[in-house]
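Whatever order the structure lists them in is the order used to number ligands and atoms, beginning at 1.
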Amino acid sequence: MTRPDHDAMTGDLFAGTSGALPRYETLCPGAMLLRGFARPAEAALQAAIDHVARAAPFRHMITPGGYRMSVAMTNCGTYGWVTDRHGYRYDTIDPERGKPWPPMPKVFERLAHDAAEAAGFPGFTPDACLINRYDPGARLSLHQDKDERDYDQPIVSVSLGLPATFLFGGVRRKDRPAQLPLTHGDVVVWGGPSRLRYHGVKRLETGHHPLLGRCRINLTLRRAV
Ligand code: MD3
Ligand code: FE
């Protein structure tokens, strides 16, 4: 599906994209893939990620079961997602630094808002952004996102850098997952009946991306509280 009104809808940040309009695709009820939606903002996104990571560095958190996550993580916004031996939670304080997370960059907030609107969820205002960094070999096993208060709020996921294979299953762990290749600039909005689906990311292959280098970065924008 093409959107001739895309520029008008997203405003000046994303203006001038008419030569390469993103394609829109429904993956399953409530989930919409917006191919290339983040590309016009790639430089601003990268600068904002660097800014956040200088204040709150990427770290490998420990799962409640005692495993070190292969994905390196940091957060920005009012709430950050954290895991340690005690469990998963959203916290206003970065436990590594004992200080609040860096504020949500305007470019993140705007991208999430505009992507959600394009997918049929107007008025989305994220209060949490988890930034996941996948180095070659990193993976994320199948899980549900259940730590948020209101499942009626969508989740906006932004892929940058190296390509990855995303897995999305059903609402039961045993449901065989579908595989979805996600590349630089792709945005997925997960809402409605897709919100509690199991999902994960396959082991990242080695490679080099012209902007991000040897990694994949995923922004997961949520309304936590
Ligand atoms: C599908 N991150 O941090 S976000 C996570 O690429 C996480 O780093 C992945 O899953 C990543 O929790 C993918 C995409 C995503 C997020 C929430 C979902 C997909 C979802 C909720 C329901 C179904
Ligand atoms: Fe998830």
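- Residue contacts with ligand 1 do not include Gln144, since none of its heavy atoms lies under 4.0 Å from the ligand.
- Ligand 1 lies less than 4.0 angstrom from a heavy atom belonging to Val201.
- Taking every heavy atom of Leu130 and a limit of under 4.0 angstrom, the matching atoms of ligand 1 come to 3 (O).
- Here the protein heavy atom with the shortest distance to atom 15 (C) of ligand 1 is Trp190 NE1, 3.4 Å.
- For ligand 1 and Thr220, the ligand atoms under 4.0 Å from any heavy atom of the residue are 2 (N), 3 (O), 4 (S).
- One hydrophobic cluster, built from ILVMFWY side chains closer than 4.5 Å, cannot hold both Met73 and Val52; they sit in different ones.
- Comparing heavy-atom distances from atom 10 (O) of ligand 1 across Arg133, Arg197, His199, Arg216 singles out His199 as nearest.
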>> Assess the residue pair Asp150 and Arg223 against the criterion (salt bridge (charged side-chain N to carboxylate O under 4.0 Å, His left out)); give the C-alpha distance rounded to whole Å, side-chain angles, the decisive distance to 0.1 Å, and a yes or no.
In response: CA-CA 8 Å; Asp150 180 4; Arg223 187 84 205 173; over 6 Å; no
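- Proximity of Trp81 to ligand 1 is not established, as no heavy-atom distance is less than 4.0 Å.
- Here the protein heavy atom with the shortest distance to atom 13 (C) of ligand 1 is Phe166 CE1, 3.3 Å.
- Taking distance alone, with nitrogen or oxygen atoms compared against 3.5 Å, Asp145 approaches ligand 1 more closely than that limit.
- With ligand atoms numbered from 1 in the order given, ligand 1 contributes 21 (C), 22 (C) to contacts under 4.0 Å with heavy atoms of Arg195.
- Residue Phe168 places every heavy atom at 4.0 Å or more from ligand 1.
- Nearest protein neighbour of atom 3 (O) of ligand 1, counting heavy atoms only, is Asn132 ND2, 3.0 Å.
- Residue contact annotation: Tyr134 has a non-hydrogen atom under 4.0 Å from ligand 1.
- For the pair Arg216 and Tyr134, the distance from NZ or CZ to the six-membered ring centre is under 6.0 Å and the angle to the ring normal is within 45 degrees.
- For ligand 1, the polar-atom distance check against Ser194 finds no nitrogen or oxygen pair separated by under 3.5 Å.
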>> Walk me through whether Asp145 and His143 qualify under side chain to side chain donor-acceptor pair (under 3.5 Å).
In response: CA-CA 7 Å; Asp145 287 17; His143 66 278; 3.1 Å; yes
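- Looking at Thr220 and Asn218, their side chains do bring a donor and an acceptor atom within 3.5 Å of each other.
- Side-chain contact annotation: Asn75 with Trp81, donor-acceptor N/O pair under 3.5 Å absent.
- For the 3.5 Å distance criterion, the side chains of Tyr90 and Arg149 fail to qualify, holding no donor opposite an acceptor.
- Annotation: Phe108, atom CZ; neighbour count of heavy atoms from other residues, nucleotides and ligands within 6.0 Å is above 12.
- Aromatic rings of Phe166 and Trp190 (six-membered ring for Trp) have centroids within the 6.0 Å cut-off, being under it.
- Remark: ligand 1 and Arg222 share an N or O pair separated by less than 3.5 Å (distance only, no angle test).
- Under 4.0 angstrom from ligand 1, there are no non-hydrogen atoms of Val71.
- Scanning all protein heavy atoms for the shortest distance to atom 7 (C) of ligand 1 gives Leu140 CD2, 3.4 Å.
- Under a cutoff of 6.0 Å and an axis angle of 45°, Arg133 and Phe58 form a cation-pi pair.
- With respect to Arg54 and Asp50, no salt bridge is recorded, no charged nitrogen being found less than 4.0 Å from a carboxylate O.
- Contact atoms of ligand 1 toward Asn218: 4 (S), 6 (O), 8 (O), 11 (C) (distance under 4.0 Å to a heavy atom of the residue).
- A pairwise comparison of heavy atoms in Asp94 and Glu96 identifies OD1-N, 2.9 Å as the closest pair.
- Residue Ile155 approaches ligand 1 through these ligand atoms, each under 4.0 Å from one of its heavy atoms: 16 (C), 17 (C).
- Minimum-distance N/O/S atom of Asp145 relative to the Fe ion (ligand 2): OD1.
- Taking every non-hydrogen atom of Ser157 and a distance limit under 4.0 Å, the qualifying atoms of ligand 1 come out as 4 (S), 14 (C).
- Using a 4.0 Å cut-off between charged side-chain N and carboxylate O, Arg214 and Asp135 make no salt bridge.
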